[in-house]
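Inspection log for the structure reproduced underneath, given as structure tokens.
So that the names make sense, note that chain A is the first sequence line, chain B the second, and so on, each numbered from 1.
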Amino acid sequence: MLKTHRCGILRKEHIGQTVTLAGWVNRRRDMGGVIFIDLRDSSGIAQVVIDSGKTDVDFSIAEKVRNEFVLQVRGTVDPRMEGMENPNLATGAVELTVSEINILNPSKPVPIQVDKEATEDESLRLKYRYLDLRRERMQRNLRIRHAAIKYIRDFLDQRNFIEIETPILFKSTPEGARDYLVPSRVHPGKFYALPQSPQQLKQLLMVAGYENYFQIARCFRDEDQRADRQPEFTQMDLEMSFAERDDILDMIEEMTIGMVEHTSVIPLASKEFPRISYREAMERYGSDRPDLRFGMELIELTDIMKDSAFKVFASNAKDGKPTKAICAKGCGHYSRKDMADLEDYAKKFGAKGLAYLAIDPETEQVKGPIAKFFSTEQLDAIMTKMDAGVGDLILLSSDNKLVVNSVLGELRLEMGRRLGLTENTSLNFCWVIDFPLFEEEMSDGHYAPSHHMFTAPQRAHIPMLDTDPHAVLSEQYDLVCNGYEVSGGSIRIHERPLQRKIMELIGFSIEEAQDQFGHMLEAFEYGAPPHGGIAQGLDRLVALMAGEPNIREVMAFPKNQNATDLMADAPSFVAQHQLDDLNVAHKGAAIEAVEEAEQ
RNA sequence: GGGGACGUGGUGUAGUGGUUAACACGUCGGCCUGUCAAGCCGAAGAUCGCGGGUUCGAUCCCCGUCGUUCCCGCCA
């Protein structure tokens, strides 16, 4: 090795030792007769001192050194002089007095400043990702990611899980997201698909008798990007035979708690993960992924509205349309314009308008356009139910249940953001369970699965598949953290007749099912064990634990919003003979793009 | 596919319908033996994303286009 010690580990106990360090110049401070260099390696930073008064060191070399040069230095670890310690540096009690300095490689001036926090446009960071990754923040994030993955592997290994790799080249299926396709050279006209998840394969591993499978699996989805969505991403994917729902929930909960405690920068809010039914989540938070960092729950006021003089709400109540509200603490001073902004926001989610009651911070009177329609008793009842006090703002919505929950759910999040309640200071997990098996009725009279078509209905609800499919609850479960869905899974269907019934309800013909899932259906006829599993979005979870606003910050080489790798410039055009091999030809916009590129 | 924001030296920003586009960091040179965001002195570095239009004159106003980003659609 070209070094005997790592920069970041030097402490008082090393004083007197002769050591060799190697790393990058984080910063250089030239005093004329003495030059200080902050030498950085993957372990941290050490200050090295080159003193022109010492004859055994070639001072002229130190004068040539610039930021990001790669150096090797040999010297003795000395205590810093009295009062010269640097408490901001882990190695700040000592410094290396250099007797030999060697430039291993110089560096051009860097386009981004490695020793400073990122301020530049993200596209520049992505173009020079290998420099951006030198930064402390990215080094930290990728270490958190490594620690999380290692924790998961160790945890599952101890519980008799084995990690099995599944193919990246697999089969396209029509439902779900758009597939990334890979043309086959050997089979003209045929394509592989990159897996959106190893879902089918892990179920087949259950049929194969492995009982406990997991994988840190790369998944691919050709959809438009978001802050927490990349074309390729990583899932902790897991499947268990003979497990019931709570077995999986309990184990994942234990694993998640352990992982957060071992690796997270942001602390866990509670070791109790509440289990909330889908219905309750929608009623109380207006979302199937409730952000539990704050309260501001949706409260039903329909009873009070029923007898009120406010005709819109009263007649809605008679039509079975609820009125619900949230209470934003301390927002009673909102101006007419603030309220107009909020109303516009509410309308984006289907609200026809936005009613409100504000308790004026000065007069302590209830004000707002609809206040006059309510008696003092009714207003008192509303205040009590909403737990509202002086200076608070109550936002009301009345419509069908779906709209009311969605509008107030979004307003709740918006008010939470405005009130600073969504700061990323703790991780608030909860389980959402008892999802409906089907989402909505399609125009052709068929049903859409709310998770995927292998999700099992709850045993007791199976008879309702014939009578009232919408009422059927499933064995699906999601793990939610701070309003993000971080995991999702289910107990699967393992019996062929039930699977066929579900496919019929979804509108899959026997032929279609046979063509796309024939291997699955056939496999299930050879003694498929009852099984279930879960997949965790690792990128999102690590981003939450690292306190980062998007998943690109916890991925080494992410793509930008247009699914482009700005560093390598991928995707790129390929040679004609490559296309010829694949029997693939350009068409439409691709022809124009190629012509343009050739000019 | 749609909407919003942004685009000015290497980087981050400021600015203006009119002579020489300002500041900080970085870079280069000089001074300096105890700094740690070192300091001081000096210098170089920008066709103001690209194309078109309005105008006597556009970095600024208008249109288009490209790029980046956030959101909706899409996606579990």
I35(A) CD1 - C36(B) C1' separation (whole Å): 15 Å
Give the rounded distance in Å between these two atoms: CG of L131(A) and C1' of G10(B).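 Those two atoms, CG and C1', are 13 Å apart.
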Hey, does the side chain of [X] come within less than 4.0 Å of [N]'s phosphate (OP1/OP2), counting only N and O?
X       : N      : result
R229(A) : A76(B) : no
R27(A)  : A38(B) : yes
R226(A) : C72(B) : yes
R40(A)  : C36(B) : no
Q47(A)  : U35(B) : no
N67(A)  : G26(B) : no
R28(A)  : A37(B) : no

I'd like the P distance from G18(B) over to G57(B), given in whole Å.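 Comparing P positions in G57(B) and G18(B) gives a spacing of 14 Å.
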Taking the C1' atom of each, how far is G42(B) from G49(B), in whole Å? 33 Å
Start with the C-alpha gap between H5(A) and H14(A), add the side-chain angles, then the distance that decides, and say whether ring pair (Phe, Tyr, Trp, His ring centres under 6.0 Å) holds. CA-CA 10 Å; H5(A) 290 69; H14(A) 297 95; 5.6 Å; yes
With both distances under 3.5 angstrom, what nucleotide forms a Watson-Crick or G-U wobble pair with A24(B)? U11(B)
Nearest to the side chain of R29(A) - C28(B), A38(B), G34(B)?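 The answer is A38(B).
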Identify each atom pair where a protein N or O and an N or O of nucleotides 45-47 of chain B are less than 3.5 Å apart, giving names and distance.
none

Check this for me, if you would: do K202(A) and D237(A) make a salt bridge, where the nitrogen-to-carboxylate-oxygen distance has to be below 4.0 angstrom?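 Yes.
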